[in-house]
Amino acid sequence: MNQIHEKFCPKVDEFIGFQITDFREEDRSVVGRLVVSDHNTQPFGLLHGGVSCLVAESIASMAANFSVAEDQAAVGQSLTANHIRSARAGDEITVTARNVHSGNRSQVWNVDLTRGDDLISQVILTISIISKK
């Protein structure tokens with residue numbers, strides 16, 4: 001997992017406290033962990049919605065890149081986020097990305113950010129498959 005994290009996750013993920021924890025081949029999902037801290041909250045002490053979006057795009061893009069050819073890259077095209085509940089410093093958030101569509105030119109991923117059984121944010125990410133050339 002450390003090699004996967006180092007290869008696909010940008011340094012900003014480390015700064016905000018996000019890491020990949022599991023890759024599940026059987027259901028094409030990827031799981032990560034985010035600890036809410038002063039590095040990722042807005043002025044009111046709540047998890048910043050932009051951080052939720054950043055984490056969602058990071059995990060879905062990383063997962064999508066596992067399924068494309070070596071001469072292709074999977075990059076974010078569109079993101080829609082719904083922030084349902086708040087999270088505060090000290091909360092541990094589980095981030096789960098599930099592939100819901102995989103085509104030749106695009107993929108769609110559903111990313112849930114949860115604290116225990118509580119849904120914090122739900123993000124739908126469309127990924128474009130492009131040529132590296």
Side-chain angles (χ1 to χ4, degrees):
M1 290 309 305
N2 286 340
Q3 290 174 330
I4 292 170
H5 186 78
E6 288 174 14
K7 182 175 181 179
F8 289 104
C9 294
K11 296 292 181 192
V12 70
D13 287 352
E14 290 178 25
F15 177 75
I16 63 170
F18 177 65
Q19 64 182 20
I20 302 296
T21 58
D22 196 14
F23 181 75
R24 299 176 183 157
E25 188 79 33
E26 64 277 3
D27 68 352
R28 299 188 68 196
S29 67
V30 180
V31 180
R33 174 179 173 262
L34 173 70
V35 177
V36 181
S37 71
D38 292 338
H39 293 293
N40 53 32
T41 56
Q42 38 91 310
F44 304 109
L46 305 175
L47 176 62
H48 195 290
V51 170
S52 297
C53 293
L54 171 75
V55 167
E57 185 159 353
S58 289
I59 196 169
S61 294
M62 184 275 303
N65 273 288
F66 277 115
S67 65
V68 299
E70 286 189 33
D71 63 340
Q72 295 178 318
V75 297
Q77 179 178 356
S78 173
L79 182 146
T80 302
N82 290 294
H83 305 298
I84 312 300
R85 290 184 179 84
S86 60
R88 296 186 177 278
D91 288 347
E92 185 173 318
I93 307 299
T94 300
V95 183
T96 306
R98 290 182 183 83
N99 180 262
V100 295
H101 165 75
S102 197
N104 292 329
R105 296 187 182 149
S106 68
Q107 295 182 12
V108 177
W109 289 81
N110 181 44
V111 182
D112 289 339
L113 287 79
T114 58
R115 181 187 55 234
D117 292 332
D118 291 333
L119 181 63
I120 303 301
S121 295
Q122 185 173 58
V123 180
I124 306 294
L125 187 72
T126 302
I127 301 282
S128 182
I129 309 303
I130 63 170
S131 172
K132 287 184 179 177
K133 298 175 185 178

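The figures that follow rest on heavy atoms only: side chains count, while hydrogens, waters and symmetry mates do not. If you read the sequence from its start, that first residue is 1, and numbering goes on from there.
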Next on the checklist: Quick check: closest heavy atoms across Asn40 and Val35, and the distance to 0.1 Å?
Outcome noted: ND2-O, 3.1 Å
Next on the checklist: Strictly distance-based, threshold 3.5 Å: is any side-chain N or O of Ser67 a donor or acceptor partner for the main-chain N or O of Ala64?
Outcome noted: yes
Item to check | Trace of the side chain to side chain contact (heavy atoms under 4.5 Å, CB included) decision for Asn65 with Met62 | outcome: CA-CA 5 Å; Asn65 273 288; Met62 184 275 303; over 6 Å; no
Next on the checklist: Could you walk me through whether Ser131 and Gln72 satisfy the side-chain hydrogen bond (donor to acceptor under 3.5 Å, both in side chains) test, starting with their C-alpha distance in whole Å, then the side-chain angles of each, then the deciding distance to 0.1 Å, before giving a yes or no?
Outcome noted: CA-CA 4 Å; Ser131 172; Gln72 295 178 318; over 6 Å; no
Item to check | Identified side-chain contact (heavy atoms from CB on, under 4.5 Å) partner of Val31 from the options Asp22, Val95, Ile20, Ile59 | outcome: Asp22
Item to check | Among Gln77, Arg105, Gln107, side-chain contact (heavy atoms from CB on, under 4.5 Å) partner for Ile127 | outcome: Gln107
Item to check | Criterion side chain to side chain contact (heavy atoms under 4.5 Å, CB included) on Gln122 and Asp112, from CA distance to verdict | outcome: CA-CA 5 Å; Gln122 185 173 58; Asp112 289 339; 3.2 Å; yes
Checklist entry - Can you name the residues that form a salt bridge (charged side-chain N to carboxylate O under 4.0 Å, His left out) with Arg88, not counting sequence neighbours? => result none
Next on the checklist: Looking at Asn104, I'd like to know if its CG atom is crowded, meaning that more than 12 non-hydrogen atoms belonging to other residues, nucleotides or ligands lie closer than 6.0 Å.
Outcome noted: no
Item to check | Reported OG1-to-NE2 distance for the pair Thr41 and His48, which is rounded to 0.5 angstrom | outcome: 9.0 Å
Next on the checklist: Closer than 3.5 angstrom, by distance alone: can the side chain of Lys133 be matched with the main-chain N or O of Asp71 as a donor-acceptor pair?
Outcome noted: no
Checklist entry - Looking just at side-chain N and O atoms, do Ser121 and His83 make a donor-acceptor pair shorter than 3.5 Å? => result yes
Checklist entry - So His101 and Asn99, side chain to side chain contact (heavy atoms under 4.5 Å, CB included) or not? Walk me through it. => result CA-CA 6 Å; His101 165 75; Asn99 180 262; 5.6 Å; no
Next on the checklist: salt bridge (Lys or Arg N to Asp or Glu O under 4.0 Å) for Glu92 and Arg115? Distances and angles first, verdict last.
Outcome noted: CA-CA 6 Å; Glu92 185 173 318; Arg115 181 187 55 234; over 6 Å; no
Checklist entry - Going through the checks in order, is the side chain to side chain contact (heavy atoms under 4.5 Å, CB included) test met by Ile120 and Arg85? => result CA-CA 5 Å; Ile120 303 301; Arg85 290 184 179 84; 4.0 Å; yes
Item to check | For the student: nearest non-hydrogen atoms of Val36 and Ala87, plus distance | outcome: CG2-CB, 4.0 Å
Next on the checklist: Side chains of Leu47 and Asp91, heavy atoms from C-beta outward: is any pair under 4.5 Å?
Outcome noted: no
Next on the checklist: Holding to side chain to side chain donor-acceptor pair (under 3.5 Å), I want the full list of residues that pass it with Ser52, two or more places apart in sequence or in another chain.
Outcome noted: none
Checklist entry - How far apart are the closest heavy atoms of Val100 and Trp109, and which atoms are they? => result CG2-N, 4.3 Å
